[in-house]
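For reference, positions follow the sequence shown, starting with 1. Just so it is clear, the structure is predicted and the values come from calculations on it, not from any experiment.
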Amino acid sequence: MKLYEHPEYEEIKEDYELWHELYEGDQNELKQSKYLWLHELETKPAGAGIRKLREQRSSYTNWAEVLVSLWTSILMRKDPIIPQEVMTLLGDLINDVDGEDTSLTSFIRDQIVANTFIYGKPIVKVDALGEKPNSLAEEQDAIYRPFMQIIDPKSFKDWKLEKKDVKNLNKLQFCRLEYCEYSERNDATDPIEEMTISKVYIMREGKLNIDKYKLKTDDKGKSIGEPEWELIDNKVIADWDEIPITFSESISWLRDVSPHILKYYNTESVIDNVTLMQGHQRIFVIGDVSNMEVISLSESGLNSLPTGATIEVIAPTDTTGPERRLQAILGNIIRVGLNQLKLQIEGQAVESADTLQQVKDNTIGLIQAELENVENVINKAIELWAKYKGQDGFKSEIAFDIEDVKDNIDQIVKLIMVFKDDVSRLPMVKEKLINWFINKMDFEDKDDLYKEVADMVQSEDQSLIDSINAKLLGDVANGSEKPQATQKPSK
């Protein structure tokens, strides 16, 4: 049997992979040539050794995580407002909504919000463990609990939304998940078999069906030609009239900045390799020195050279050009990564009050749209949770404090003003803006940051100024717990 991928998934799956790798920052994965681009010499038959050395010398600076963490901190400076009804419904499980000791607030921040910024598509499945009790008396003794699970968008291969029935408009009619699963083992002597599994959730005659397929492989576990699937299980959930999966779709906030992050990575690789390969002085002697013992090319040794021998010095390679280019790319990362604010950082004129207000209004509109997406996903997940508990028609109204978010937007707009050319020419203004921002954020090392800012004002070295700006953005992200994107496709 053949299973298909949705056209929208086929179009964006390579981008999903790119955003995932840039955010996770796995150094080994990022050594692939689609991320660490091949130099011309490395394409030659004898270039494998050169390539291996360059991979060893190259390291990736994770600006994707910095930007996602920065935006997440803006949205989640305050916990979302959770109504008492939701707290009562979840009970003690409000501190363990996924079976892995993750609180509801942490699940929203580290899973739903993070996936919103990384992929533009947070997907949550609600399931239950154990046998559902048939009465209140049974419920007291039963081991039964719902749980939430974030679904990796890379594993969400196919879907169909209702477009005709007004009552069920945009509800899932079917969806297909694909993931890896290990065979069941009874003891340590049983072999481990890795299988590619696909689950299709589909409504048939008003009942939820879950079809489980296994990818056919040869003896070595490789797919045979065109992927062929065999049905290995089917479940009918008679008392469910909808698919327990909810998601929203928007645009990844890494989409436009990812090319600049890749360019930064490759330019940094050039600098590291030039520095490590020829970042020191080399001295050569040219002439007939065949009768000389091996000597150290010290001052006394050089004075003992035979007549006619000359000394040639190769100076350390100058990396000033690539380093300037690296700083320019970093500026583009900051500009594009924060361009959701619609602030023309490159502009020479000081923004008027009306213009800045429009900037903030536009930004708040963008953030508010994302907040609504996050609210819709978590509230639907709570309602599915309630359905597992036998409470059909439960309405969840978890919400974010938009006024607090607006205040955070004011802070980030002022931070971005630090990068404007006109402000950069006013060191005292720049110092006050940065110190104001540091004071607002919950940093553990504020004194160190204040000192760095003071050093920056005293310095006339533009490269130092740029590096401090970059470090500030990194510290913004590191001031809060890093959101965790899905590590592997989920069941």
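- The backbone N or O of F394 lies less than 3.5 Å from no partner atom in the side chain of Q391, so there is not a single donor-acceptor pair.
- At least one side-chain heavy atom of Y60 sits under 4.5 Å from a side-chain heavy atom of L22.
- With respect to D241 and K387, a salt bridge is recorded, a charged nitrogen being found less than 4.0 Å from a carboxylate O.
- Here the closest heavy-atom approach between residue N186 and residue D190 is recorded as N-OD2, 2.7 Å.
- The nearest pair of heavy atoms linking L208 to P244 is CD2-CD, 3.7 Å.
- Of the possible polar contacts, one joining the S183 side chain to the E193 backbone as a donor-acceptor pair under 3.5 Å is found.
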For the pair L18 and Y35, evaluate side chain to side chain contact (heavy atoms under 4.5 Å, CB included) and give the outcome as yes or no after the intermediate values. CA-CA 8 Å; L18 171 62; Y35 306 122; 3.7 Å; yes

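- Looking only at side-chain heavy atoms (C-beta outward), L67 and I333 come within less than 4.5 Å of each other.
- Evaluated for a side-chain hydrogen bond (donor to acceptor under 3.5 Å, both in side chains) with S198, the options K214, E178, R176 yield exactly one hit, R176.
- Under a 3.5 Å cut-off, the side chain of S73 and the backbone N or O of L70 do form a donor-acceptor pair.
- Exactly one residue among W19, F117, Y119 makes a ring pair (Phe, Tyr, Trp, His ring centres under 6.0 Å) with W253. That residue is F117.
- Within the 4.5 Å cutoff, side-chain heavy atoms of I382 are placed close to those of M148.
- Interatomic distance, CD of E5 versus CG of D158, reported as 8.5 Å (0.5 Å rounding).
- Looking only at atom types and distance, the side chain of E370 has no donor-acceptor partner in the side chain of W71 under 3.5 Å away.
- Residues D239 and I237 have side chains in contact (heavy-atom distance under 4.5 Å, counting atoms from C-beta outward).
- Not one N or O on the side chain of T196 forms a donor-acceptor pair closer than 3.5 Å with the backbone of C180.
- Distance CG/L161 to CG/L172: 5.5 Å, rounded to 0.5 Å.
- Within the 6.0 Å centre-distance limit, the rings of W240 and Y388 are counted as a close aromatic pair.
- In this structure, CG in L262 is found 5.5 Å from CH2 in W37, a value given to the nearest 0.5 Å.
- Between P122 and I112, the shortest heavy-atom contact is CB-O, 3.6 Å.
- Between N379 and S396 the shortest heavy-atom distance is OD1-OG, 2.7 Å.
- E14 has no carboxylate O lying under 4.0 Å from a charged side-chain N of K34, or vice versa, which leaves the two without a salt bridge.
- Counting non-hydrogen atoms of neighbouring residues, nucleotides and ligands closer than 6.0 angstrom, the CG atom of D187 exceeds 12 such neighbours.
- Looking only at distances, no side-chain donor or acceptor of S106 sits under 3.5 Å from a matching main-chain atom of S103.
- Rounded to the nearest 0.5 angstrom, W385 CH2 and I378 CD1 are separated by 9.5 Å.
- Not less than 6.0 angstrom separates the ring centroid of F156 from the ring centroid of Y9.
- Y265 places a side-chain N or O within 3.5 Å of a backbone atom of L30 that can act as its donor or acceptor partner.
- Proximity of a side-chain donor or acceptor of E228 to a complementary backbone N or O of M1 within less than 3.5 Å is detected.
- At a threshold of 4.0 Å, the pair K212-E181 counts as salt-bridged, since one of the basic side-chain nitrogens sits closer than that to a carboxylate oxygen.
- The only member of K31, Q27, Q32 that meets side-chain hydrogen bond (donor to acceptor under 3.5 Å, both in side chains) when paired with E29 is Q32.
- Legend: residues meeting ring-ring contact (aromatic ring centres under 6.0 Å, His included) with Y213, ordered by chain and number and at least two apart, are absent.
- With a 4.5 Å cut-off on side-chain heavy atoms, M87 and I94 count as touching.
- Of all heavy-atom pairs spanning F400 and L75, the tightest one is CD2-O, 3.9 Å.
- Atoms CG and NE2, on N115 and H20 in that order, are 10.5 Å from each other to the nearest 0.5 Å.
- Checked for salt-bridge contact, K121 and E249 meet the test: a charged N lies under 4.0 Å from a carboxylate O.
- Between D211 and L231 the shortest heavy-atom distance is CB-CD1, 3.9 Å.
- In this structure, the side chain of T88 engages the main chain of Q84 through a donor-acceptor pair within 3.5 Å.
- Side-chain contact check for T61 versus V66: every heavy-atom pair is 4.5 Å or farther apart.
- Checked by atom type and distance alone, the side chain of N62 pairs as donor or acceptor with a backbone atom of E65 at under 3.5 Å.
- Here the CD1 atom belonging to I197 is positioned 4.0 Å from the CD1 atom belonging to I232, to the nearest 0.5 angstrom.
- Taking the side chain as every heavy atom from C-beta outward, S58 and L36 approach each other to under 4.5 Å.
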